[in-house]
Amino acid sequence: MPDADASSLLIRPCPDPKFGDYQCNALIALAKNRENPREFAVRVLAKLDVSEWCEKVELAGAGFINFRLKTSALAQALQSAMRADRPFIQKENPQRTIVIDFSSPNVAKPMHVGHIRSTILGDCLARTLRLLGHRVITDNHIGDWGTQFGMLLVGWKKLLDRNALETDPLAEMERIYKAVQSKCDPEKPGYDAATHEAARAELVKLQNGDAENLVIWTEMKKLSQKQFDEIYSRLGVKFDCTLPESFYNDKVKQVYEELTAKGIAVESEGALVVFQNEPTAPANIKGRPFIIRKRDGAANYASTDLAAVLYRTEELAKEVYPRDDLTVEEVLYVVDSRQRDHIDHLFATVHKWFTATGRNPPRLPQVDFGTILGENNRPLKTRSGENVRLRDLLDEAEERALKIVSQKNPDLPEAQRREIARIVGIGAVKYADLLPNRTSDYVFSWDKMLALDGNTAPYLQYAYVRIRSIFRKGGETVESGIRNAELKLTAPEEITLAKHLLNFGIVLEAVAKEYRPNYLCNYLYELAGNFARFYENCPVLKADEPQRTTRLILCDLTARVLKQGLEVLGIETTEQM
RNA sequence: GCGCCCGUAGCUCAGAUGGAUAGAGCAACUGCCUUCUAAGCAGUGGGUCGCGCGUUCGACUCGCGCCGGGCGCGCCA
């Protein structure tokens, strides 16, 4: 069948173990309109020899081919995993260079729940892609430029309370911003034309390099960065670079010039805009303007995003990796789904622009995500209607976790309980965020994320703890001879667990392909479940050889996959809890 | 008005190129701790996958049309 698409011949895990371990259902589609799918499958099977790995291959239903692993092959796979640094994972080929744009908080504003999904998702994807062997550059595109600074400067000069700035700089900056902002909206009752004009004037001065305003601006940035660093450190999130909007101040001019010269951007109502009028343009942006320079000549986020695409594809890789031959062909935007139109505009414009100037347009996938809702199904807010601050949220997570740990394990010293509470609390918040399909909204619930049962971070961490406890009790180390031992898998719980371990790499690849960490969450939950059943039914330390060693190996591999999997999710593990 | 996303068990959610009898957790009920951490395990009940039509050997998944909800649409990011 020479015209068949070989890449469609996927073999993947069976949906239900009663059919087998792996299945291939592509033959049904391939046989279509040529011959009976079952007869075709019979002919294929006649030429297929997988007897080294599989039991007798079964043909079922309309033409499904079901494979069942031989226990000996399974044992062999586990043995080689025991000797691997990263069991069950294969590096992807070819190795790509990928920029990830995520988190992007604003200067002078406290980080709040609105930033958490981008931060956690982006970090998780960076970890996943790196583990699979790709070169990843994480970039925090901080909002440190734009209209809000006019108002902030007015507030700083007229309303600033130095003592308040000392104790809680973000709260104070937010206060003065809100105070001025409320007077700058002509639609609102408190509108004050003089303040509005003053804000505009301060903004112009800042943009023109006024020394005093630059000093204040720099101070605001410094205070904000301190806050960002504190949050990122608690979350264990790191960036390769932090190139804020202002970094592109001197780079937007080139964007205007090139897009105008190529006739891609045109003047409209005083602004510089790009239209997508081609019949093939996506419906959501067709005929709508993408404003890349405001009427007053100032840049907006479209300007800096365009400049950033150019910089990231042409300069960034050289800066981060000391070599010249890397091409960035992909920039991931981890931003919420409401920015869909913006990203589509950006992509369409970049495509025209790069093509017209002889550059290769990069892929610009949007990793979009939904909103975090409160119990009332409205976007999550505090009782008084404010945004929930990330710092408060993380504090509460740790406090709640501490209560539970202290209740469950009161004998541990306090310092250790606090450390466990940190790991469990932060892990619970992250896991709750990564578990739902990212495109849907989810309801935030402390009780659910910290629950002692169900699909939660504590459940996975607990599975890890139980394994570590076995090794502690038995005084066993992995080095003590089991690394090269023969495995003898007999109990059904052993075999189910072992087979599940094998699929770790496949799941990571699915996560990387669709930018969907929830596949990994579900895999790890099933792994922990399989382990729990094994743990109930298969005593380890009291078993006789060769079962004892076999089970120790299963324990060790499960622990390593759990730890590695959680690490990819950005979640820490602990030895006791 | 145009566009995007969503609608699966009482509740919160999974469901990887369309694939086999649609799955978890919670909530309800029933068992299991002198035995490696019971933050666990085993079991029972619970569904016209919003509605209709179509494509297909096969549809929760794809197409069209309704109904219901969220969000976005010219100078915020």
Side-chain angles (χ1 to χ4, degrees), chain A residues 5 7-8 10 12-16 18-19 23 25-26 28-29 32 37 60-64 66 104 106 143 146-148 245 268-273 282-296 298 300-302 304-305 335-342 344 368 370-371 373 377-378 404-405 407-409 424 435-437 439-443 445 447-448 450-456 458-459 461-463 465-474 506-507 509-511 513-514 516 518-519 521-522 525-526 529 532-533 535-537 539-542 551 555 576-577:
Chain A
D5 176 10
S7 68
S8 69
L10 281 188
R12 63 179 186 198
C14 276
D16 188 324
K18 73 179 174 241
F19 299 129
Q23 68 166 224
N25 54 37
I28 307 171
K32 207 166 187 172
F64 302 99
N66 293 323
S104 312
N106 293 314
T147 327
Q148 74 270 28
E245 289 177 341
S268 168
E269 297 177 30
L272 192 62
V273 308
N284 57 328
I285 59 170
K286 193 168 183 173
R288 298 181 190 281
F290 187 45
I291 297 169
I292 66 167
R293 190 181 61 202
K294 299 199 286 182
R295 188 184 352 207
D296 63 6
N300 64 2
Y301 77 136
T304 48
D305 272 350
V335 294
D336 88 82
S337 16
R338 286 172 302 190
Q339 294 194 41
R340 174 68 190 275
D341 293 355
H342 172 73
D344 284 353
D368 61 336
T371 308
L373 307 175
N377 273 329
R378 302 293 308 163
I404 298 169
V405 174
Q407 197 185 322
K408 294 281 176 188
N409 225 334
V424 170
L435 176 63
N437 182 336
T439 56
S440 51
D441 298 346
Y442 77 90
V443 176
S445 159
D447 292 338
K448 272 180 194 123
L450 284 164
L452 318 171
D453 32 34
N455 194 350
T456 63
Y459 177 80
Q461 288 165 325
Y462 177 62
V465 162
R466 287 171 125 186
I467 301 174
R468 297 307 307 155
S469 179
I470 291 174
F471 282 94
R472 218 170 27 247
K473 278 268 159 60
I506 295 175
V507 171
E509 286 163 27
V511 171
K513 194 174 168 205
E514 295 180 41
R516 295 264 306 267
N518 69 312
Y519 292 153
C521 295
N522 287 322
Y525 179 59
E526 284 162 17
R533 283 180 280 277
Y535 183 90
E536 293 286 328
N537 294 293
V540 177
L541 296 174
K542 283 178 211 143
R551 291 175 178 177
C555 285
Q576 291 180 63
M577 63 189 270

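We name chains A, B, ... by the order of the sequence lines, and we start the count at 1 in each one. Only a predicted model underlies this, so the values are computations on that prediction, with no experimental measurement involved.
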Out of [options], which nucleotide sits closest to the side chain of [X]?
X: A:Tyr519; options: B:rA16, B:rA77, B:rG74; value: B:rA16
X: A:Ala510; options: B:rG74, B:rA16, B:rG40; value: B:rA16
X: A:Glu536; options: B:rA39, B:rC36, B:rC41; value: B:rC41
X: A:Arg533; options: B:rC36, B:rU12, B:rA42; value: B:rA42
X: A:Glu514; options: B:rA16, B:rG15, B:rC75; value: B:rA16

Have a look at [X] and say if it touches a base, only the backbone sugar-phosphate, or nothing, with a 4.0 Å heavy-atom cut-off.
X: A:Gln576; result: base
X: A:Tyr535; result: base
X: A:Asn300; result: sugar-phosphate
X: A:Asp344; result: nothing
X: A:Arg12; result: base
X: A:Gln23; result: base
X: A:Ala463; result: nothing
X: A:Val335; result: nothing
X: A:Val443; result: sugar-phosphate

B:rG74 base / A:Ser268 side chain donor-acceptor hit below 3.5 Å: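 For A:Ser268, whose side chain was compared with the base of B:rG74, there is a donor-acceptor pair (under 3.5 Å).
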Quiz item: A:Asn66 side-chain donor-acceptor pair to B:rA20 base, under 3.5 Å: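 Indeed, a donor on one side and an acceptor on the other fall under 3.5 Å apart.
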Short side-chain N/O contact from [X] to OP1 or OP2 of [N], under 4.0 Å:
X: A:Lys408; N: B:rA39; answer: yes
X: A:Lys294; N: B:rC76; answer: yes
X: A:Tyr462; N: B:rA38; answer: yes
X: A:Arg378; N: B:rC71; answer: yes
X: A:Ser440; N: B:rA14; answer: yes
X: A:Arg288; N: B:rG72; answer: no

Taking the [atom1] atom of each, how far is [N] from [M], in whole Å?
N: B:rU30; M: B:rA38; atom1: P; answer: 23 Å
N: B:rU8; M: B:rC49; atom1: P; answer: 11 Å
N: B:rC13; M: B:rG47; atom1: C1'; answer: 15 Å
N: B:rC60; M: B:rA22; atom1: P; answer: 9 Å

Fit a plane to each ring of A:His342 and A:Tyr301, take the angle between them on a 0 to 90° scale, and name the class: parallel (under 30°), tilted (30 to 60°) or perpendicular (over 60°).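 Parallel.
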Indicate the atoms forming the closest heavy-atom contact of A:Leu435 with A:Asn522, along with that distance.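 Minimum heavy-atom separation between A:Leu435 and A:Asn522: CD1-OD1, 3.7 Å.
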What's the shortest heavy-atom distance between A:Asn455 and A:Cys521, and which atoms?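 Smallest interatomic distance, heavy atoms only, reads OD1-O, 4.3 Å.
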Under 3.5 Å for both donor-acceptor distances, Watson-Crick or wobble: does [N] have a partner, and if so which one?
N: B:rU55; answer: none
N: B:rA42; answer: B:rU30
N: B:rG23; answer: B:rC13
N: B:rC4; answer: B:rG70

Taking syn as within 90° of 0 and anti otherwise, name the glycosidic form of B:rC26.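 This nucleotide is in anti.
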